[in-house]
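Numbering of residues begins at 1 and proceeds along the displayed sequence. Just follow the structure's listing: the first ligand is 1, and inside any ligand the first atom is 1.
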Amino acid sequence: MNDVAAVTSTDTGSRNDSIDAVIVGAGFAGMYMLHRLRQLGLIARVYESGDGVGGTWYWNRYPGARCDTESVEYSYSFSEEIQQEWEWSERYPAQPEILRYANWVADKLDLKRDIVFNTRVDRAEFDEDLAQWRIQTNSGDQAVARYLIMATGCLSTAQLPRFEGLDSFKGAWYHTGQWPHEGVDFTGQRVGIIGTGSSAIQSIPVIAEQADHLYVFQRTPNYSVPAHNGPLDPDYVREVKENYQQLREQARTSRRGYILDVSPVRAQDVSEEERQAIYEYRWEVGGLGYLSSFGNLLSDSEANETAAEFVRDRIREIVHDPVTAEKLVPTDYPIGTKRLCIDTHYFETYNRDNVTLVDVKSAPIETITPSGLRTSEAEYELDSIVFATGFDAMTGTLKNIDIRGRDGIQLREKWRDGPVTYLGLAVAGFPNFFTITGPGSPSVLSNMMVSIEQHVEWISDCLEHLEREQISHIETTPEEEQAWTAHVNEVAGSMLFAQGNSWWKGANVPGKPVVFMPYTGGVGMYREICDRVAAEGYTGFVLRPVHVSTAD
Ligand code: N01
């Protein structure tokens, strides 16, 4: 089948009718899922709360927003035509360019006519007798569908700390993940930004250039490696495009979903001189590949310390004021146990006269005031506050929707102590329900595009099997999901991840169960497991055939 030919779906008619599948979310996962289901001849409808496609890249429009994965890798690989036709302009694509790409693909595949925009799914309930999901939206739409597929993204529920006094603030405030579409002009303003994660590290250098003064309220310093972003060399792009098939295959079978795989060499197996040269090289190349310098950086404290110390030394070199530099140096967790940041002149920004770093670990924020913010040590007058405070990641959006499986069991109740899934794809008690890049899959620890495509293809192959074999119900079992979740924990436990207070384990949201959510076993190995499950007739799932009435 032509991989990009727009597939004609049967008219889905009114929006209160029965269809084959509902997909929630029109980011890269939901878009591709819709395309695949149409290719199977299924009638699918996507509900999307925004007024356009793009998901993460629709919402995150903060200054400096850019992907940390290189553009030639952060793109769909399922269509030769798409990957050959689209031209990326920079090594790391900026948010507006990624959003243009998403729209271009959506138009090319004629996806938008099956996407209901500005509509949020509020509730979904499984009717066991009919083997159908009843879906309700905030606009009153109701749909009945045999399959419910959550393409809701891993970072789609903004986390806004409950600071006292926010309502009294006379200025304007923003969350990076819900940025105004018209943009914000900070010229002449005193701006405060709370947080120093990836979103803050990208936006701080840009806001500092505009604002009169920028106060950065930092609780935990972060490790960051330069992006060395720039225009793409046409010769390099030509070479990538000529070898795309092979390069994509390398990424699919790699540990983290990138073309350049993790080195198999241990950090201790080379001399100190050689090790420093490798870190120097990776630092000069830039990007997330720094953590691939050696194979044991995320599993061996001694090895990790060598990589961490290299970055600490760079921070001390870049930042002129030694007191500020020391505040910016992460010391109490291993590098890579919180998401590594990628920056463009982040540390250099602290050499500007109009930027002040405020340590809110030693002197916490006490309250937002009408005119700014007060810590336990000082008061800051601010015109605007930027909350770069992250997301209720991986489970937040799924738990915010009232999803009820068999016997009325609620997903948010079932996951009260943390998510349990089989393969990050399925949940016991929730038949014909799939999560794309859900907890228990590599998802956020990988190149998201690679993991999204793998899940979408696995789910569509599964649905094709169900249709062909006339199966009405597919559901995993409590034993299988417990075993898989135990495996996810065991693999994560063999690594250093427990030592970082990361959003990967829910540590950023007060009251959220601290459970390491993504699967750390590697993208290539995970794919093999999923493929084996399918090849062996969907082991770990119970499949029930369509009930055929014998009565005349
Ligand atoms: O969020 P974060 P983010 N008082 O959770 C601080 C992806 N991403 O939006 O570390 C004071 O990382 C918090 O402090 P601490 C990427 O996967 C990708 O930046 O908890 N501070 C932290 O510094 C990334 O990892 C890209 O002590 C508070 C910050 O807020 C993920 O999104 C770009 C606080 C939150 O950092 C999330 O990144 C951007 C409080 N009460 C993001 N509460 C690209 O690829 C929180 N903080 C382009």
With sequence neighbours excluded, tell me which residues meet side chain to side chain contact (heavy atoms under 4.5 Å, CB included) with Asn60.
Thr56, Tyr62, Phe391

Where the side chain of Glu381 meets the backbone of Gly372, is there a donor-acceptor pair that is under 3.5 Å apart?
no

Test your reading of the model: is there a side-chain donor-acceptor pair from Asn222 to the backbone of Thr196, 3.5 Å cut-off?
yes

Under a 3.5 Å threshold, I'd like every N/O contact between ligand 1 and protein atoms, with atom names and distance.
from: ligand 1; atom 1: 9 (O); to: Ser199; atom 2: OG; distance (Å): 2.6
from: ligand 1; atom 1: 10 (O); to: Thr220; atom 2: OG1; distance (Å): 3.4
from: ligand 1; atom 1: 10 (O); to: Lys338; atom 2: NZ; distance (Å): 2.9
from: ligand 1; atom 1: 17 (O); to: Arg339; atom 2: NE; distance (Å): 3.3
from: ligand 1; atom 1: 19 (O); to: Ser198; atom 2: N; distance (Å): 3.0
from: ligand 1; atom 1: 19 (O); to: Ser199; atom 2: N; distance (Å): 2.8
from: ligand 1; atom 1: 19 (O); to: Ser199; atom 2: OG; distance (Å): 3.3
from: ligand 1; atom 1: 20 (O); to: Arg219; atom 2: NH2; distance (Å): 2.9
from: ligand 1; atom 1: 23 (O); to: Thr196; atom 2: N; distance (Å): 2.9
from: ligand 1; atom 1: 25 (O); to: Trp503; atom 2: NE1; distance (Å): 2.9
from: ligand 1; atom 1: 27 (O); to: Arg219; atom 2: NE; distance (Å): 2.8
from: ligand 1; atom 1: 27 (O); to: Thr220; atom 2: OG1; distance (Å): 2.4
from: ligand 1; atom 1: 30 (O); to: Ala388; atom 2: O; distance (Å): 3.2
from: ligand 1; atom 1: 45 (O); to: Asp68; atom 2: N; distance (Å): 3.0

So, for Trp88 and Tyr74, is the gap between ring centers shorter than 6.0 Å?
no

So, using side-chain hydrogen bond (donor to acceptor under 3.5 Å, both in side chains) as the criterion, who are the partners of Tyr422 when residues are at least two apart?
none

Could you list the donor-acceptor pairs under 3.5 angstrom formed between side-chain atoms of residues 436-443 and any protein atom two or more places apart in sequence or on another chain?
from: Ser441; atom 1: OG; to: Gly438; atom 2: O; distance (Å): 2.7
from: Ser443; atom 1: OG; to: Ser441; atom 2: O; distance (Å): 3.2

